[in-house]
Colleague: 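Below is a structure I'd like to ask you about.
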Amino acid sequence: MLKCMLQYLKTLLIEKYNTVLVPLNGCLPTITVNINKECIYLAEGNIKTLISDQNVRHVFISMTWYDDKYYDTNGSQLISLLY
């Protein structure tokens, strides 16, 4: 993970990207699978904001997050393939 983060920072510095961090604490940044339906709605709001901003040219999604239970947009619990 550290190697990936260093590469990310190197890219930002070399390419001179303007950046903003969009945190979604306690949720995944994904809109089809998340830890609950509320997190899906919050992630959707972030994605819609990014898409509607004409100045956004690059999006980096990063997470080191794990939970035992995930849900889809219908609220159905998904079975983890990590067990």
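Below, each value reflects all heavy atoms present in this structure, side chains not excepted, and no hydrogens, waters or symmetry copies. Numbering of residues begins at 1 and proceeds along the displayed sequence.
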Colleague: Look up atom OG1 in Thr73 and atom OH in Tyr41, then write down how far apart they are to the nearest 0.5 Å.
Modeller: 8.0 Å
Colleague: About how many Å separate OH of Tyr70 and OG1 of Thr32, when rounded to the nearest 0.5 Å?
Modeller: 12.5 Å
Colleague: Roughly how far, to the nearest 0.5 Å, is the CG atom of Leu42 from the CD atom of Glu44?
Modeller: 9.5 Å
Colleague: To check you understand the geometry: which heavy-atom pair defines the closest contact between Leu78 and Tyr71, and what is its length?
Modeller: CD1-C, 4.2 Å
Colleague: Going by the rule side-chain contact (heavy atoms from CB on, under 4.5 Å), which residues pair with Asn55 if we only count those two or more places apart in sequence or in a different chain?
Modeller: Asp53
Colleague: Among residues at least two apart in sequence or on other chains, which ones pass side-chain contact (heavy atoms from CB on, under 4.5 Å) with Ile47?
Modeller: Ile31, Ile51
Colleague: Which atoms form the tightest heavy-atom contact between Asp72 and Asn74, and what is the distance?
Modeller: OD1-N, 2.9 Å
Colleague: I'd like to know if the side chain of Asn34 and the backbone of Asn36 have a donor-acceptor N/O pair within less than 3.5 Å.
Modeller: no
Colleague: Taking all atoms of both residues into account, what is the closest heavy-atom pair of Ala43 and Leu28, and its distance?
Modeller: CB-O, 3.9 Å
